[in-house]
K.L.:
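Dropping a structure here in structure tokens format, bear with me for questions.
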Amino acid sequence: TFKMAFIKKGFESAKSAVRGGTRTEDKDFKSLALELDDAKKGLDRINGHVTGYLSAELQLLQAQKKLGEDMISHFLDDKAPEANLVRDNLAMIDKLLLQKQRLDDAMRRDFLDPINKYKQQYREIEERQRERKRRLDEMDKLTDDVKKYTAKSDARLNATQKRLESVTQAYEELNAELMQDMPKLIHDKEVFFHPMTAVLLDSQYEFYHSMAEQLALLRDRTAQIDRKGVHTHPPVLTPRNQSSAHKTYSSFGTSSTSTTAASTGLYSTPAATTAAPHMAGGAAPGLPGRPGLPPRGPAGVRFRAQWDFATDIPEELPFRSGDTLNVLEQNGDWWKAEMGGRVGLVPANYLQPM
């Protein structure tokens, strides 16, 4: 009969797709489902990117506002023309913040909300896919039961075949519907994003164009300011080579004053218990302040180091016994010397004329 033929057809359809007698597979369906899932994830990413983009615009304006406020508070004279420019810039940012709120509302209304509404179709597809799987699992189980009951001539065979007929029909109908709808939804995203692209560009244009117009008005008021000044602005401190901070203590007052200063200064006389630096041979003298200075010679004369001098102080020049130094200045107990292209202060009593 037709009914039995339909049952047999459904049974054979399920049987032909069974893998190991327990699971029906459909490679075409699986491929479409994966492609659809990838499209949904793409929508989720775009949704996140737009939300992040709107947040970044707000952070940009807030950072500009804090920058202007700090410039006025710490660096600009309140009555200076530049201060007025910065205040006008802050007023511009306040206007942009109000405009930003309107643009955000428009983006949510015309971009984010439509995407969320569009994604409802994906959620509907996912629900139907779950129902398809439920029917598929039941169909596979009934198929196994029909095979088992047929082999045993079980009285439950007839009822199970009828149930299999209904489930098979329901599965095949839903499967056919999904195989038709999924490709439509996959390809429809391209059409859907045509107006979405325009909405996004409109929002970007309004935000940046409005900012550019207002900034242009402020920029015109700075036409007389020399931009090169950021690179040519001179320092206001006492030059380093004239600073008292870089003079040796022997440059000041009497020896008693020098001795007092040396007791706490950078180039202080070490205490009697201070260990001598590493020596190449023989005993090294104490650092300046003790007797034993070499005879003075003209500036630029070469001297040979008699002992090692190790130091971590940037202004000083370390050397080892036997090194040749070019003495540039002989002033007090510490001389200015050069070696290997590096210039620094050295203890005079560690040197001997060549």
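Remember, predicted model here, so these are calculated numbers, not experimental data. Only heavy atoms go into these numbers, but all of them, side chains included; no hydrogens, no water, no symmetry mates. Position 1 is the first residue of the sequence; numbering continues from there.
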K.L.:
The criterion is side chain to side chain donor-acceptor pair (under 3.5 Å); which residues satisfy it with R87, sequence neighbours excluded?
P.N.:
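With neighbours one apart ignored, the set is D78, N84.
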K.L.:
What are the two closest heavy atoms between A305 and L351, and how far apart are they?
P.N.:
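Here A305 and L351 meet closest at CA-CD2, 4.1 Å.
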K.L.:
With a cut-off of 6.0 Å (strictly less than), are more than 12 heavy atoms of other residues, nucleotides or ligands near CD of E173?
P.N.:
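Atom CD in E173 is not crowded, with 12 or fewer foreign heavy atoms closer than 6.0 Å.
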K.L.:
Is Q352 close to F303 at the side-chain level, that is, under 4.5 Å between some pair of heavy atoms?
P.N.:
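They are not in side-chain contact.
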K.L.:
State which residues pass side chain to side chain donor-acceptor pair (under 3.5 Å) with E338; sequence neighbours excluded, sorted by chain then number.
P.N.:
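Expected list: none.
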K.L.:
Less than 4.5 Å apart, any side-chain heavy atom of Q129 and any of L36?
P.N.:
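Counting from C-beta outward, Q129 and L36 do come under 4.5 Å.
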K.L.:
Heavy atoms only: give me the nearest M196-F111 pair and the separation to one decimal.
P.N.:
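So the two residues come closest at CE-O, 3.1 Å.
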K.L.:
State, to 0.1 Å, how close A170 and R135 come at their nearest heavy-atom pair, and which atoms those are.
P.N.:
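The answer is O-NH1, 2.8 Å.
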K.L.:
Identify the heavy atoms of T168 and L164 that sit nearest to each other, and give their distance.
P.N.:
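T168 and L164 have their closest heavy atoms at OG1-O, 2.7 Å.
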K.L.:
Rounded at 0.5 Å granularity, tell me how far CD1 in I93 sits from NZ in K95.
P.N.:
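Going from CD1 on I93 over to NZ on K95, the span is 12.0 Å.
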K.L.:
Are E177 and R128 ion-paired here, with the side-chain N under 4.0 Å from a carboxylate O?
P.N.:
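Result for this pair is yes, salt bridge flagged.
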K.L.:
Answer yes if the side chains of Y122 and E126 hold a donor-acceptor pair under 3.5 Å, and no otherwise.
P.N.:
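Judged by distance alone, the side chains do not pair up.
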K.L.:
Is a salt bridge present between D137 and K141, judged by a nitrogen-to-oxygen distance below 4.0 Å?
P.N.:
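Looking at D137 and K141, the cut-off is not met.
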K.L.:
Could you give me the CA-CA distance, side-chain angles and deciding distance for D333 and N349, then say whether side chain to side chain contact (heavy atoms under 4.5 Å, CB included) is met?
P.N.:
CA-CA 8 Å; D333 297 338; N349 59 341; over 6 Å; no
K.L.:
Can Q214 and S210 be counted as having a side-chain donor-acceptor contact under 3.5 angstrom?
P.N.:
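Distance-only check passes for Q214 and S210.
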K.L.:
Parallel under 30°, tilted from 30 to 60°, perpendicular over 60°: which one fits the rings of Y118 and F192?
P.N.:
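Parallel: the ring planes of Y118 and F192 meet at under 30°.
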K.L.:
Look only at the side chain of S55 and the backbone of T51, and say whether a donor-acceptor pair between them is shorter than 3.5 Å.
P.N.:
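Looks like no, no N/O pair under 3.5 Å.
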K.L.:
Would you call D94 and K65 a salt bridge, using N to O less than 4.0 angstrom?
P.N.:
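Yes, D94 and K65 are salt-bridged.
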K.L.:
Checking the side chain of H187 only, and the main-chain atoms of P183 only, is there a donor and an acceptor separated by less than 3.5 Å?
P.N.:
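Between the backbone of P183 and the side chain of H187 there is a qualifying donor-acceptor contact (under 3.5 Å).
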K.L.:
Under the side chain to side chain donor-acceptor pair (under 3.5 Å) test, which residues partner T222, sequence neighbours left out?
P.N.:
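Once residues adjacent in sequence are excluded, the partners of T222 under the side chain to side chain donor-acceptor pair (under 3.5 Å) criterion are R227.
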K.L.:
For the residue pair D323 and R304, establish whether any side-chain heavy-atom pair is separated by less than 4.5 Å.
P.N.:
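Counting from C-beta outward, D323 and R304 never come under 4.5 Å.
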K.L.:
Between E127 and R123, is there a side-chain N and carboxylate O pair less than 4.0 Å apart?
P.N.:
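No salt bridge links E127 with R123.
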K.L.:
Mind listing the closest non-hydrogen atom pair of L317 and F309 along with its distance?
P.N.:
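Looking at all heavy atoms of both residues, the closest pair is O-CD2, 3.4 Å.
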K.L.:
Thinking salt bridges, do D154 and R156 make one under a 4.0 Å N-O criterion?
P.N.:
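Salt bridge flag = yes for R156 with D154.
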K.L.:
Who passes side chain to side chain donor-acceptor pair (under 3.5 Å) against D202, sequence neighbours left out?
P.N.:
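With neighbours one apart ignored, the set is empty.
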K.L.:
For residues L67 and I225: do they belong to one hydrophobic cluster (side chain heavy atoms under 4.5 Å, members Ile, Leu, Val, Met, Phe, Trp, Tyr)?
P.N.:
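Result: no, two separate clusters.
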K.L.:
With a 4.5 Å cut-off on side-chain heavy-atom distances among I, L, V, M, F, W and Y, is there a chain of contacts connecting L218 to F207?
P.N.:
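They do share one cluster, since a chain of ILVMFWY contacts under 4.5 Å joins L218 to F207.
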K.L.:
Scan residues 208-224 for pairs that pass salt bridge (charged side-chain N to carboxylate O under 4.0 Å, His left out), counting only residues two or more places apart or in two chains.
P.N.:
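Applying salt bridge (charged side-chain N to carboxylate O under 4.0 Å, His left out) to every pair that reaches into residues 208-224, excluding sequence neighbours, yields D88-R221.
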K.L.:
Are any of the side-chain nitrogens in D37 or K41 under 4.0 Å away from the carboxylate oxygens of its partner?
P.N.:
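Looking at D37 and K41, the cut-off is met.
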K.L.:
Given the rule that I, L, V, M, F, W and Y join up when any side-chain heavy atoms are under 4.5 Å apart, are F75 and I72 in one cluster?
P.N.:
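Looking at the clustering, I72 is in a separate group from F75.
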K.L.:
Going through the distances and angles, do R132 and N175 end up as a side chain to side chain donor-acceptor pair (under 3.5 Å)?
P.N.:
CA-CA 7 Å; R132 173 190 178 274; N175 186 67; 2.6 Å; yes
K.L.:
Which is it for K100 and D104 under the salt bridge (charged side-chain N to carboxylate O under 4.0 Å, His left out) test, yes or no, and what are the steps along the way?
P.N.:
CA-CA 6 Å; K100 175 71 171 60; D104 284 359; 2.5 Å; yes
K.L.:
Start with the C-alpha distance between Q204 and Y208, add both sets of side-chain angles, then the distance that settles side chain to side chain donor-acceptor pair (under 3.5 Å), and finish with yes or no.
P.N.:
CA-CA 6 Å; Q204 291 174 328; Y208 292 109; over 6 Å; no
K.L.:
Hey, mind stepping through L201 and T197 against side chain to side chain contact (heavy atoms under 4.5 Å, CB included) and telling me if it holds?
P.N.:
CA-CA 6 Å; L201 291 176; T197 302; 4.2 Å; yes
K.L.:
If we ignore hydrogens and angles and just use 3.5 Å, is the side chain of N116 paired with the main-chain N or O of L112 as donor and acceptor?
P.N.:
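Side chain of N116 to backbone of L112: a pair is present.
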K.L.:
Which heavy atom of R134 sits nearest to which heavy atom of E131, and what is that distance?
P.N.:
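In terms of heavy atoms, the two residues are closest at NH2-OE2, 2.8 Å.
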K.L.:
Hey, are the side chains of N326 and M339 touching, using non-hydrogen atoms and a 4.5 Å cut-off?
P.N.:
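Answer no - side chains too far apart.
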K.L.:
So, do K336 and Q330 sit near enough that their side-chain heavy atoms are less than 4.5 Å apart?
P.N.:
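Counting from C-beta outward, K336 and Q330 never come under 4.5 Å.
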K.L.:
Determine which pairs satisfy salt bridge (charged side-chain N to carboxylate O under 4.0 Å, His left out) with at least one residue from residues 109-119, sequence neighbours left out, and list them in order.
P.N.:
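For residues 109-119, and leaving out neighbouring residues, the salt bridge (charged side-chain N to carboxylate O under 4.0 Å, His left out) pairs sorted by first residue read D44-K119.
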K.L.:
Honestly, is R342 close enough over F319, meaning NZ or CZ under 6.0 Å from the six-membered ring centre and within 45° of the axis?
P.N.:
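Output no; distance or angle outside limits.
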K.L.:
Considering the options V327, L325, T311, which one meets the side-chain contact (heavy atoms from CB on, under 4.5 Å) requirement together with V346?
P.N.:
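Among the candidates, only L325 passes.
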K.L.:
Do S31 side-chain atoms and K27 backbone N/O form a donor-acceptor pair below 3.5 Å?
P.N.:
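Checked: no pair found.
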K.L.:
Going by atom types alone, do D105 and Q101 pair a side-chain donor with an acceptor below 3.5 Å?
P.N.:
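Note: D105 and Q101 side chains meet the donor-acceptor criterion.
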K.L.:
So, does W334 use its side chain to make a donor-acceptor pair with the main chain of N331 at under 3.5 Å?
P.N.:
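Not confirmed, W334 side chain does not pair with N331 backbone.
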